[in-house]
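Below: the structure, in structure tokens.
Small disclaimer: the values here were computed from a predicted structure and weren't measured. Heavy-atom basis, side chains included; hydrogens, waters and symmetry copies ignored.
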Amino acid sequence: MPSRAFLTMTELATATPAASVNPPHTAELDIGGMTCASCAMRVEKALAKVPGVAGASVNLATETASVNLTDAATGPDALIAAVKKAGYEAALIAPPDAAPESADAPIGAASAHSAATAADRKRSETRRELAAVLVCALLTLPLIAPMIGEWFGVQAMLPPWPQFGLASIVQFVFGARFYRAAYRAVRAGAGNMDLLVALGTSAAYGISVYELASHPGDAMHLYFEASAVVITLVRFGKWLEARAKRQTTDAIRALQALRPERARIRVGASERDVPLAQVKVGAVVIVRPGERVPVDGSVLEGRTHIDESLITGESLPVARQTGDAVTAGSINGEGALAVTTTAIGAETTLARIIRLVESAQAEKAPIQRLVDRVSAIFVPAILAIAALTLIGWLIAGSGGETAILNAVAVLVIACPCALGLATPAAIMAGTGVAARHGVLIKDAEALETAHRVNVVAFDKTGTLTVGQPSVTAFEPVDGMNRDEALALAAAVQRHSDHPLARAVVKAHEAAVAASALVPAAAQDAAAAAQAPAASAARAVAGRGVEADVDGRTLALGSTRWLQELGIELAPQTRARARELESAGNTVSWLMRRDPQAPAALALIAFGDTVKPTARAVVERLARMGVKSVLVTGDNHGSAASVAKALGIDEFHAEVLPDDKARVIRDLKIRSAGIVAMAGDGINDAPALAAADIGIAMATGTDVAMQAAGITLMRGDPALVADAIDISRRTWRKIQQNLFWAFVYNLIGIPLAAFGLLNPMLAGAAMAFSSVSVVTNALLLRTWQARR
């Protein structure tokens, strides 16, 4: 991805999350009748000519068009009319969960087809196509069976007139679609695959009719089987292609299937089952065990485990209790929940994920633009080569039949379907498998850029570390029992909401849980872990908190407060405190506030815990040839400690948000490559925007996700390596597909031109090329994360 223009914090803070996914004036069209890359280009050009259209992008694999409108008054009728004038069918696709609009709305629901309706229509069309292929094959079989029988010495050739009858049905009934599409293409001043097939099969059929009419009573060699087989094979290939293309959209269909149609809401003391569209923000939704959560919300009552695997890629259920957020589409585990609705419909996380994946699959990768330019001149070039083949064989004296058949073979083998499908099929499969594993790729450009990443700059807090303080060291002073001291500290902090207080209480709860496993003989020692009651708890501004516990006044606070109270420390205790502080920890003290003899009871160090997978991802990136760099606003000691723990050689500490962008630009200059930035906070947004590719944690802020090209649906840094790996594999599939698409033509066209490939084999090769390209792309669906 080219380097983004630097965004100010104000611009980023005012960005709307939905803007990049669903621009305010964007129309999505379902396009019918496209057969190759040149068809897609012609639809794009037709849409671009409509007044009020800023640009259009057509995806051959999904058979959709995304139209950017500069004028909200531009209605769907004008867009559909332009597509139909170009020779294709079109229908408007309503956005997911779109609310009904008025009849005079520019992009109205009255004229819209939902994505589900379009998918059902395509499935129905695929079934009809299969039926047509089967009938076509039954009509063609009597024409080619005698030819196969001749290989075994069996002579059973049909008389000429029955051949004529069977071939005519195939040519003009089942081949009519090629004539209609070819006519529309010629009328629009362009060429496509249908034109090549129509010309090729018509030539083979025409020469057979000529021979039959010229020599009605003589033995002759007819080519009815060639035209019939080509039409049958092309239609069979298109059915296989459509069937395979549908599989590339499995990720979208799986996500859409997660949305329940109804919800159970609490109304007073009763519960009522209502359609999901009637649920309002603030409503209390009841989710029973085993049900899907219908809305985004916050747990009001209950405790359970939630399966979010299809949304975040997290394989294990996650615990949820009062106050925790839940996501629409996730599956409730063993406990009943009451959920306060915070988002519904198109504003839910699931709906935004669907829009993002759809947007990425509809986008064109930069390499696709080169393919489009090639496709624009491909059909005219093939027509010229076929004409030269015909003339060349006539000049060589081989006769009209041989010259026409070789020209027909050139027309048939040169179908550009594989060329048009090579890139979009791989992008659809790649973005689909990424979404299933919790990696959301904003667009095809981000996917293409990520495969070249050679440096990843990581933010520390919330990205490589948990982002919440925890007790990293608790050391009693002067021989006091550790469990007793920890219990006293928890008692003092029990009623505080400060993050450090919560860390102390959590450490104490962990000690209590551990004591439950102690043998009965040691229960006396474990009893000390139970926290006593505290009273008269009060905060002391800038210093800490104090409370009365068991008749003693205890305080927990900073080193400054300890010094103000005149408490002296042993040299080894002071040295230990300095050691912990130099490692980036915050040091506090549990103290006894006795006017006669104040004393320190315990040293408490707080730090941010490194995420369990952080070191593994740094090592994995190194094996992939990607350098990891730490960029953080924290102090030097904390940054150095984390960098050392993770094996990161280069780190930048005490970096302000604007300076993070400067560090990224310096890395781009020094590395002479592609630099990615992974972060989760508002302060990371400038760096995410300045990087070649931004990678944001969905556990962070919307602003960070806005500035990023890739969003990770859970706060696991291992997904950074997964995103790069998926991008590299997708890029390899694109290269493989383009290679084979070009090879088919580079080998097949000369063979056909020199008479070494008959029309039937050419038709089979052409059908196989498209199917093989899509099938190769579908292999991406087998990708698994390496851990």
Quick one: does [X]'s side chain have a donor or acceptor within less than 3.5 Å of a partner on [Y]'s backbone?
{"X": "Thr465", "Y": "Lys460", "result": "yes"}
{"X": "Ser66", "Y": "Ala27", "result": "no"}
{"X": "Asp307", "Y": "Pro317", "result": "no"}
{"X": "Arg292", "Y": "Gly329", "result": "yes"}
{"X": "Arg320", "Y": "Ala325", "result": "yes"}
{"X": "Asp324", "Y": "Gln321", "result": "yes"}

key: side chain to side chain contact (heavy atoms under 4.5 Å, CB included) assessment of Leu712 paired with Val439   = CA-CA 5 Å; Leu712 309 181; Val439 177; 4.1 Å; yes
Shortest non-hydrogen contact between [X] and [Y], atoms and distance:
{"X": "Ala676", "Y": "Ile695", "result": "CB-CD1, 4.2 Å"}
{"X": "Thr348", "Y": "Ala343", "result": "CG2-O, 3.5 Å"}
{"X": "Pro717", "Y": "Val617", "result": "O-CG2, 3.3 Å"}
{"X": "Ile734", "Y": "Ala426", "result": "CG1-CB, 3.5 Å"}
{"X": "Ala338", "Y": "Arg266", "result": "CB-NH2, 3.7 Å"}
{"X": "Val466", "Y": "Lys611", "result": "N-CG, 3.9 Å"}

Decide yes or no for [X] and [Y]: does some side-chain heavy atom of the first lie under 4.5 Å from some side-chain heavy atom of the second?
{"X": "Val453", "Y": "Asp692", "value": "no"}
{"X": "Met713", "Y": "His437", "value": "no"}
{"X": "Val675", "Y": "Val629", "value": "no"}

Supply the atom-to-atom distance [X] [atom1] to [Y] [atom2], rounded to the nearest 0.5 angstrom.
{"X": "Thr304", "Y": "Leu337", "atom1": "OG1", "atom2": "CG", "value": "5.0 Å"}
{"X": "Leu447", "Y": "Ile710", "atom1": "CG", "atom2": "CD1", "value": "7.5 Å"}
{"X": "Ile306", "Y": "Asn332", "atom1": "CD1", "atom2": "CG", "value": "4.5 Å"}
{"X": "Leu621", "Y": "Lys627", "atom1": "CG", "atom2": "NZ", "value": "13.0 Å"}
{"X": "Thr613", "Y": "Asp716", "atom1": "OG1", "atom2": "CG", "value": "3.5 Å"}
{"X": "Glu291", "Y": "Ile331", "atom1": "CD", "atom2": "CD1", "value": "11.0 Å"}

ask   = When you look at CZ of Arg303, are more than 12 heavy atoms from neighbouring residues, nucleotides or ligands closer to it than 6.0 Å?
value = no
inquiry  = For Glu261, I'd like to know if atom CD has over 12 heavy atoms of other residues, nucleotides or ligands within 6.0 Å.
reply    = no
request  = For the pair Arg729 and Lys733, evaluate side chain to side chain contact (heavy atoms under 4.5 Å, CB included) and give the outcome as yes or no after the intermediate values.
outcome  = CA-CA 6 Å; Arg729 290 172 183 267; Lys733 288 300 180 187; 5.8 Å; no
task = Please name all residues satisfying side chain to side chain contact (heavy atoms under 4.5 Å, CB included) with Ile648, sequence neighbours left out, ordered by chain then number.
result = Leu464, Val618, Ser628, Leu630, Ala643, Leu646
key: Which residues share a side chain to side chain contact (heavy atoms under 4.5 Å, CB included) with Val471, sequence neighbours left out   = Phe474, Ala503, Val504, Ala507, Ile604, Phe606
ask   = Are any of the side-chain nitrogens in Asp722 or Arg620 under 4.0 Å away from the carboxylate oxygens of its partner?
value = yes
ask   = Can you name the one residue among Gln736, His451, Glu448 that meets side chain to side chain donor-acceptor pair (under 3.5 Å) with Trp731?
value = His451
Show me the side-chain donor-acceptor pairs of residues 273-290 shorter than 3.5 Å, one per line, residues at least two apart or across chains.
unit_1	atom_1	unit_2	atom_2	d
Asp273	OD2	Arg262	NE	2.9

task = List the steps and the verdict of side chain to side chain contact (heavy atoms under 4.5 Å, CB included) for Met697 and Thr463.
result = CA-CA 7 Å; Met697 302 282 186; Thr463 303; 3.6 Å; yes
inquiry  = Set out, in order, the CA-CA distance, both residues' side-chain angles and the distance that settles side chain to side chain contact (heavy atoms under 4.5 Å, CB included) for Ile441 and Ile427, then state yes or no.
reply    = CA-CA 10 Å; Ile441 300 172; Ile427 288 174; over 6 Å; no
inquiry  = Would you say Asp725 and Trp783 are linked by a side-chain donor-acceptor pair, where the criterion is simply a distance under 3.5 Å?
reply    = yes
